[in-house]
> 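Before I ask anything, here is the structure I am working with.
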Amino acid sequence: MHPPTMDGLISTDWLNRHLSDPDLVVLDCTVHIDETPEGFINRSGLDDYLLGHIPTAGFADLKGDLSDQSSPIEFAPPSPDAFCAAMGRLGVGDASRVVLYDSMFSAWAARVWWMLRWVGFDHAAILDGGLNAWKAEGRSISTEPAMHPPRELTPRPRPELIVGEDEVRAAIDSPGAQLIDTLPAESYRGEVALYADRAGHIPSAINISALDLIDETGRYKPLVQLAAMHELDRDQRIITYCGGGIAASSEAFALTRLGFKDVAVYTASLQEWAANPANPMTPSSSDSI
């Protein structure tokens, strides 16, 4: 039995009306970014989740079992089997529908959305505006734990949705591929060095900052505006990257909603690429759009 059709981006009103649907699993995916004297540190949003979340929501921990804890790369995807098992423990099964949200700019939710697509699950949506939009409308908040029973999510991997260093290197000079750097423009231009003290971007990449996908309320911009930002060759393979594959997932989500068919995320992104001195980077802004 297939889950009912659901759009990939849903409103707070839609979620409020469907919270009691028995097949619907809501997941808070929040990760916080703390600035410290040693640099930026990513911290699980679990503590804030426990203080209050959307009713019925569970917590999808990208700092925990939704990432490969044995990898030196932060947020490295686990195996498809391990990821599906973790989602199953959260109550996600083959017949479920899933709504994902976070308390920032939906990029963390988009990362979980992309990994669900990667393992072959297509019945997930992102809550537009996330937790902030929900709270701004005065909707109810709960401290009750999620009560979803464990379910089985069958892995049906699509390995082409996540790429590694070798495919990115090959894409630099390939007319059939387009790299998109989704970090802020000042990072792309080499004005700041966010990873391994190496400034700039991967050669041939264009810059579409993931922050520019979002309006002042934290919601995704209308499709017509997003389309104007993505006047790209739809016959090319598009590979998005950032620092750790999070903002890149938001860009991949936007591209998918726009109808692009061959999109992949370089999940290791600059934390891997910049750490290898053999990998080229350029501060040139000539490829920005």
> If you group Ile, Leu, Val, Met, Phe, Trp and Tyr by side-chain heavy-atom gaps below 4.5 Å, do Phe59 and Met104 land in one group?
no

> Is there a chain of hydrophobic side chains (I, L, V, M, F, W, Y, each step under 4.5 Å between heavy atoms) that links Phe260 to Trp114?
yes

> To the nearest 0.5 Å, how far apart are OG in Ser106 and CD1 in Ile246?
13.0 Å

> Go through Arg139 and Lys135 one step at a time and tell me if the side chain to side chain contact (heavy atoms under 4.5 Å, CB included) criterion holds.
CA-CA 6 Å; Arg139 300 187 186 274; Lys135 287 182 174 180; over 6 Å; no

> For the backbone of Ser187 and the side chain of His201, can you confirm whether one donor and one acceptor N or O come within less than 3.5 Å of each other?
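Absent.
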
> Heavy atoms, side chains only, cut-off 4.5 Å: are Trp118 and Val265 in contact?
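A side-chain contact under 4.5 Å is absent here.
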
> Any chance you could pull the hydrophobic cluster mates of Leu131, using side-chain heavy atoms under 4.5 angstrom and chaining through other members?
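Once heavy-atom contacts under 4.5 Å are chained together, Leu131 belongs with Met6, Ile10, Trp14, Leu15, Leu19, Leu24, Val26, Ile54, Val99, Tyr101, Leu127, Trp134, Ile141.
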
> Would you list the pairs meeting side-chain hydrogen bond (donor to acceptor under 3.5 Å, both in side chains) in which at least one residue belongs to residues 241-252, sequence neighbours left out?
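Listed by first then second residue: Asp181-Tyr241, Tyr220-Ser250, His230-Glu251.
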
> Is it true that atom CG of Asp34 has more than 12 heavy atoms of other residues, nucleotides or ligands lying nearer than 6.0 Å?
yes

> With distance as the sole test, does Trp108 use its side chain to make a donor-acceptor pair with the main-chain N or O of Thr30 at under 3.5 Å?
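No, Trp108 side chain to Thr30 backbone: no donor-acceptor pair under 3.5 Å.
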
> Rounded to the nearest 0.5 Å, what separates atom CZ in Phe83 from atom CE in Met115?
4.5 Å

> So does Gly93 get a backbone contact from the side chain of Ser96, meaning a donor-acceptor N/O pair under 3.5 Å?
yes

> Are Tyr49 and Met87 co-members of a hydrophobic cluster defined by side-chain heavy atoms under 4.5 Å apart?
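As far as the 4.5 Å side-chain criterion goes, Tyr49 and Met87 are not connected within one cluster.
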
> According to the salt bridge (charged side-chain N to carboxylate O under 4.0 Å, His left out) rule, which pairs have a member within residues 53-74, sequence neighbours left out?
Lys63-Glu74, Asp65-Arg89

> With the side chain counted from C-beta on, respond yes when Pro157 and Val119 share a heavy-atom pair under 4.5 Å apart, and no when they do not.
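With C-beta onward as the side chain, the pair stays apart.
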
> Using the rule given for side chain to side chain contact (heavy atoms under 4.5 Å, CB included), can you reason through Ile206 versus Leu179, listing the C-alpha separation, both sets of side-chain angles and the distance that settles it, and then say yes or no?
CA-CA 6 Å; Ile206 61 173; Leu179 296 167; over 6 Å; no

> Quick check: do His32 and Ser103 have side-chain heavy atoms less than 4.5 Å from each other?
yes

> Taking the six-membered ring where the residue is Trp, are the ring centres of Trp113 and Phe121 under 6.0 Å apart?
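They do not qualify: ring centres at least 6.0 Å apart.
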
> Taking the side chain as every heavy atom from C-beta outward, state whether Pro77 and Arg111 have any atom pair closer than 4.5 Å.
yes

> Can you hop from Leu27 to Leu50 via hydrophobic side chains spaced under 4.5 Å?
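No.
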
> State, with a plain yes or no, whether a side-chain heavy atom of Met229 is found less than 4.5 Å away from one of Leu213.
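Counting from C-beta outward, Met229 and Leu213 do come under 4.5 Å.
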
> Heavy atoms only: give me the nearest Thr282-Pro203 pair and the separation to one decimal.
CG2-CA, 3.9 Å

> Check Arg151 with Asp23, please: is the shortest side-chain N to carboxylate O separation under 4.0 Å?
no

> Quick one about Ser11 and Asp128 (side-chain donor to acceptor, distance below 3.5 Å, no hydrogens or angles considered), yes or no?
no

> Excluding sequence neighbours, so at least two apart, what forms side chain to side chain donor-acceptor pair (under 3.5 Å) with Ser269?
none

> Between atom CD of Gln69 and atom CG of Leu66, what is the distance when rounded to the nearest 0.5 Å?
9.5 Å

> Measure the spacing between CD1 of Ile126 and CZ of Phe253 and express it to the nearest 0.5 Å.
4.0 Å

> Under the criterion salt bridge (charged side-chain N to carboxylate O under 4.0 Å, His left out), I'd like the reasoning laid out for Asp122 against Arg156: C-alpha separation, chi angles, the key distance, then a yes or no.
CA-CA 11 Å; Asp122 293 325; Arg156 298 179 177 88; over 6 Å; no

> Which atom pair, heavy atoms only, marks the closest approach of Pro184 to Asn207?
C-OD1, 4.4 Å

> With no hydrogens and no angle check, is any side-chain donor or acceptor of Arg237 less than 3.5 Å from a backbone partner on Asp262?
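A pair under 3.5 Å: no.
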
> Are Leu9 and Val263 connected into the same hydrophobic cluster when the rule is that any two of I, L, V, M, F, W, Y join if their side-chain heavy atoms are below 4.5 Å apart?
yes

> Can you tell me how far the CG atom of Leu194 sits from the CG atom of Leu183, to the nearest 0.5 Å?
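Between Leu194 CG and Leu183 CG, I get 6.5 Å after rounding to 0.5 Å.
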
> With sequence neighbours left out, write down each residue that passes salt bridge (charged side-chain N to carboxylate O under 4.0 Å, His left out) with Arg219, or none if nothing qualifies.
Glu137

> Go through the structure and list residues passing side chain to side chain donor-acceptor pair (under 3.5 Å) with Glu191, not counting sequence neighbours.
Arg189

> What is the minimum heavy-atom distance between Ala247 and Cys242, and which atoms define it?
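Closest heavy-atom pair between Ala247 and Cys242: N-SG, 3.5 Å.
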
> Taking side chain to side chain donor-acceptor pair (under 3.5 Å) as the test, write out the residues that go with Ser142, two or more places apart.
none

> Is the shortest side-chain heavy-atom distance between Val25 and Thr56 below 4.5 Å?
no

> Any side-chain heavy atom of Arg169 within less than 4.5 Å of one from Asn276?
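Side-chain contact under 4.5 Å: yes.
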
> Could you please spell out the steps behind the side chain to side chain contact (heavy atoms under 4.5 Å, CB included) verdict for Gln178 and Ile239?
CA-CA 6 Å; Gln178 177 62 67; Ile239 299 172; over 6 Å; no

> Can you name the closest pair of heavy atoms from Gly190 and Pro283 and give their distance?
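So the two residues come closest at CA-CB, 4.2 Å.
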
> Check side-chain contact (heavy atoms from CB on, under 4.5 Å) between Met281 and all other residues, then give those that pass, not counting sequence neighbours.
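In terms of side-chain contact (heavy atoms from CB on, under 4.5 Å), with neighbours along the sequence ignored, Met281 is linked to Arg198, Leu270, Trp273, Ala274.
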
> Who passes salt bridge (charged side-chain N to carboxylate O under 4.0 Å, His left out) against Asp7, sequence neighbours left out?
none

> Using the side-chain hydrogen bond (donor to acceptor under 3.5 Å, both in side chains) rule, take Asp81 and Ser79 through it: C-alpha gap first, then chi angles, then the decisive distance, then the call.
CA-CA 5 Å; Asp81 284 349; Ser79 69; 5.5 Å; no

> Are the side chains of Ile41 and Ile33 in touch, meaning some heavy atoms are under 4.5 Å apart?
no

> Please test Leu211 against Phe105 for side chain to side chain contact (heavy atoms under 4.5 Å, CB included), starting from the C-alpha separation and ending with a verdict.
CA-CA 8 Å; Leu211 292 177; Phe105 303 105; 4.0 Å; yes

> Nearest 0.5 angstrom please: Asp233 CG to Ile238 CD1, how far?
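Result: 8.0 Å between the selected atoms.
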
> Taking only residues two or more places apart in sequence or in another chain, which ones pass salt bridge (charged side-chain N to carboxylate O under 4.0 Å, His left out) with Asp48?
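Per chain and number, Asp48 pairs via salt bridge (charged side-chain N to carboxylate O under 4.0 Å, His left out) with no residue.
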
> Which residues pass the side chain to side chain donor-acceptor pair (under 3.5 Å) test with Arg234, not counting sequence neighbours?
none

> Report the residues that fulfil salt bridge (charged side-chain N to carboxylate O under 4.0 Å, His left out) with Asp47, sequence neighbours left out, ordered by chain and then residue number.
none

> When you check the side-chain N and O atoms of Glu272 and Tyr266, is any donor under 3.5 Å from an acceptor?
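Yes, Tyr266 and Glu272 have a side-chain donor paired with an acceptor closer than 3.5 Å.
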
